[in-house]
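These figures come from a predicted structure and were not determined experimentally.
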There are 2 protein chains.
Amino acid sequence: MIKCVKCSEVDAIAKAGIIRGKQRYYCGRCDYYFTLPAAEVSLAAATSKKHQPTIVDIARELQISKSTVSRALHGHSDINEETRKAVLDVAKKLDYQPNLLAYGLAKSKSLTIGIIVPEFINSFFPYVIIGAQEIANPAGYHVLICQSNESYQTEIDNTNVLMSSRVDGILASLTGKTPNVDHFKKFERAGIPIVYFNRVTTDVCASKVIVDDYDGAYQGVTHLIQNGCKRIAHIAGPQNLQICRDRLQGYKDALLRHGMELNESLIIYHDLNPESALHCAQHLLDAPDRPDGLFALNDPAAIATMQVAKEKGIRIPDELAVVGFSNEPTSALVEPGLTTLAQPMAEIGKTAVNLLFKQMNDTTDCFIPETKVLKTTLIVRKSSLKRQF
Amino acid sequence: MIKCVKCSEVDAIAKAGIIRGKQRYYCGRCDYYFTLPAAEVSLAAATSKKHQPTIVDIARELQISKSTVSRALHGHSDINEETRKAVLDVAKKLDYQPNLLAYGLAKSKSLTIGIIVPEFINSFFPYVIIGAQEIANPAGYHVLICQSNESYQTEIDNTNVLMSSRVDGILASLTGKTPNVDHFKKFERAGIPIVYFNRVTTDVCASKVIVDDYDGAYQGVTHLIQNGCKRIAHIAGPQNLQICRDRLQGYKDALLRHGMELNESLIIYHDLNPESALHCAQHLLDAPDRPDGLFALNDPAAIATMQVAKEKGIRIPDELAVVGFSNEPTSALVEPGLTTLAQPMAEIGKTAVNLLFKQMNDTTDCFIPETKVLKTTLIVRKSSLKRQF
DNA sequence: ACCGGTTGCGAAAGCGTTCCCGGTACTTCT
DNA sequence: AGAAGTACCGGGAACGCTTTCGCAACCGGT
């Protein structure tokens, strides 16, 4: 017979429904509902997930309170030197690893900064990330990398992931399809600082790290002109990105400044997908009135064009001089070497994190965003040096 | 005069030390210690960190309990359809983002898998990571990427970071300097599954994803032999890595099988640092009795050698035929195109995550590790096709 | 001897979730 | 009509950590 778990009464027990698959009983005397305790599923087999040592374990071992352990582990004041040593010893003995989840919850900070990049197949972004880590890691922060794969939707998803992860700051570089930065507004609302780098938009009030794209483009195109190019094409990027607009403008101004005319048919737009680069190249080189010079918005596009030119038997640089942008390692490997505008990639990452930290430590409620503009350097290789000139 | 905060007594008050910089008082009547409440530092300026909506906010808005909200957000049973809709609406209205830290703490799982790679400058690892994300993300997991920068110490640090982050699983590829995997043992102890990929060691009992390195090397070297090479060199990797030992063995066996003799002076060891590749190449090509063929353990080493050869005026493939390993995109860009053994990079990532998930969902206490061996494909380009042959 | 000050530690309240369990109001059998 | 079952919901402990604040013990000067 069923006994009440409280009064051990037997007679006043009535069935009171099934709950979560188990019979429930009601004791009329105690006015108490209960289910029979599940017969102690004896297996410690359910203990597959081993217990990780916590500060409570350390505290128990030393017969002190967890507050003291916490203080000891953080070099807090208000702690006896011997106690601290003892705690540290036990921590090492137990191989204690602080639980960052709990830490983050308690402190409302995750010690993590999120980085959103459009891709990391080409070396540009990896180098930036490495630069960022070089500053972030020593400061005790680690880095959560999200790549948007040049997809706007993925970028949005990534912002949500970073939001849920409660990152303390964001470094972001946009996709070529990102029409606006509304999906980043939530970070502002939450007081999480953002620094945009490289691929930024103009319509946002935030800190930015960019290079002088206009100047770089201007230099690159001028170089082509000085090397005898008469018809200089430009593979431009999506015009939602300031970086692409600036490079385009630099291209245009360089031409005009040197008394050359603008020819819209020589400007072709690349959506930054790898296949698109090949299409642009095809299109450009198939044109009846082929260009004899090309300034591409980035190295991969320049290199893709060189490949296509090669297939078509177009000689580089004599028939087509090429200048890229970024100086990714590959640009030194292709044949002929690609003339390009070197970007200080690691420097970009470092600068961005420094700016982020500055903003994170800012106590004044109205932080004034800052834009750092780094310089590019023209690296001349063979792809732009016409022989007959 | 000072009043007791409890009884408002004035006379029985005595000073009782300074604590944390503030004067403390003692009321003899109440037997009570107190400090004066800090004059309400009126600034809401300290509220710079805005409040993020939580389930409690949703609950308050709807006048229900947070338990109900939690159930609603997770499509739990035991919830009225209308209630759920209401919760979802409010959640959307408030732009609620679940706090992954709190979730992780409560559930003892972080929905994160950690990936440790030795570097991500070359494209191999990025592609693997993309493959991994393609499986992990749809399953609700995100990926924490750590790069060890070919440093053993950094790799150890990375394991600690991932341990602290309480990742639910690990994908790891070792540095060329990692002597053993003791630093990964803590994951085993904690019951956190690991899958090693690509750069693995033999002395560990865990799931692995590798390619058939021996076979790939054998194929590559055989291809060189069939193309008329008589003195085939090998840039080998650190012998702590099984992958490097296998490729070396494949090289040796291919030579022996084809009646060629082994020449230790033609084997040179690369520590996987970028500069080291150039040294190896220099050394190899400066030798009095220069090789006429090269099988390099990876594409970057092969390409570095091609660069050095070019500088020295050594013609490829006629004077030196080259075969790499991996088929990174760059290998198609260099001149001549690099013959190489294609690895299914994204596939490696996907397979590894699948294996990891399998192990994570395994309930039996004794999980049997599994090793998946993927196939390589010889991609023939011009770097290995001697003309006079 | 007493008072004011110092040092070191413990108790407990959060942080935002999940989840177990108990409770209520209602429905459906007999 | 009353017993048995169903559908939902709320309370509250737990996760591992930080942090505030109270308190005891001790120290040194008058």
Check: B:F357 main-chain N/O paired with B:N361 side-chain donor or acceptor under 3.5 Å: yes
Sugar-phosphate, base or nothing in reach of A:S67, heavy atoms under 4.0 Å: base
Distance in angstrom units between A:I55 CD1 and D:dT19 P, rounded: 11 Å
Heavy-atom donor-acceptor pair, A:R24 side-chain to C:dT24 base, under 3.5 Å: yes
Side-chain donor or acceptor of A:T35 paired with backbone N/O of A:Q23 under 3.5 Å: no
Distance-minimising heavy-atom pair for A:S70 and A:H74: O-ND1, 2.9 Å
Nucleotide nearest A:H74 when distance is taken to its side chain, options C:dG4, D:dT18, D:dT6: D:dT18
Closest nucleotide among D:dA24, C:dG8, C:dG22 to the A:Y33 side chain: C:dG22
Value in whole Å for how far the C1' atom of C:dG14 lies from NZ of A:K109: 18 Å
Residue A:Y103, side-chain heavy atoms: nucleotide from C:dT18, C:dG10, D:dC17 that is nearest: D:dC17
Sugar-phosphate only, base, or nothing, as touched by B:T54 at under 4.0 Å among non-hydrogen atoms: sugar-phosphate
B:N99 and B:Q52 side chains, donor-acceptor separation under 3.5 Å: no
Between B:T68 and B:S65: side-chain donor-acceptor atoms closer than 3.5 Å: yes
Whole-Å gap separating P (D:dT6) and OH (A:Y26): 20 Å
Under 3.5 Å donor-acceptor pair, A:R166 side-chain atoms to C:dG16 base atoms: no
Contact under 4.0 Å: A:T35 side-chain N or O vs C:dC21 OP1/OP2: no
Nearest-angstrom distance from the residue atom CZ of B:R60 to P of C:dG16: 11 Å
Separation of D:dA3 P from A:Y25 OH (nearest whole Å): 16 Å
Sugar-phosphate, base or nothing in reach of B:I64, heavy atoms under 4.0 Å: sugar-phosphate
5'-most by nearest nucleotide on DNA chain D - A:P98 or B:R84: B:R84
Of the listed nucleotides C:dT17, D:dC17, D:dG5, the one nearest the side chain of A:A106: D:dC17
Rounded distance (Å) that lies between atom P of C:dT17 and atom CG of B:L100: 10 Å
Nearest listed nucleotide, side chain of A:T68, among C:dC9, C:dT18, D:dC17: C:dC9
Sugar-phosphate, base or nothing in reach of A:Q23, heavy atoms under 4.0 Å: sugar-phosphate
Value in whole Å for how far the P atom of D:dA3 lies from CD1 of A:I13: 14 Å
Trace of the ring pair (Phe, Tyr, Trp, His ring centres under 6.0 Å) decision for A:F34 with A:Y26: CA-CA 6 Å; A:F34 61 92; A:Y26 174 73; 8.8 Å; no
Sugar-phosphate only, base, or nothing, as touched by A:Y96 at under 4.0 Å among non-hydrogen atoms: sugar-phosphate
Shortest side-chain distance from A:K107, nucleotide among D:dC8, D:dT19, D:dG11: D:dT19
Contact nearer the 5' end of DNA chain D, comparing A:K66 with A:D78: A:K66
Distance, rounded to the nearest Å, where B:R71 contributes CZ and D:dG10 contributes C1': 8 Å
Sugar-phosphate only, base, or nothing, as touched by B:I79 at under 4.0 Å among non-hydrogen atoms: sugar-phosphate
OP1 or OP2 of D:dC17 under 4.0 Å from side-chain N/O of A:S70: no
Nearest listed nucleotide, side chain of B:L105, among C:dG4, C:dG10, D:dG16: D:dG16
Worked verdict on A:I113 versus A:V167 for side chain to side chain contact (heavy atoms under 4.5 Å, CB included): CA-CA 5 Å; A:I113 69 181; A:V167 292; 5.7 Å; no
Residue whose nearest DNA chain C nucleotide is more 5′ - A:N80 or B:L73: A:N80
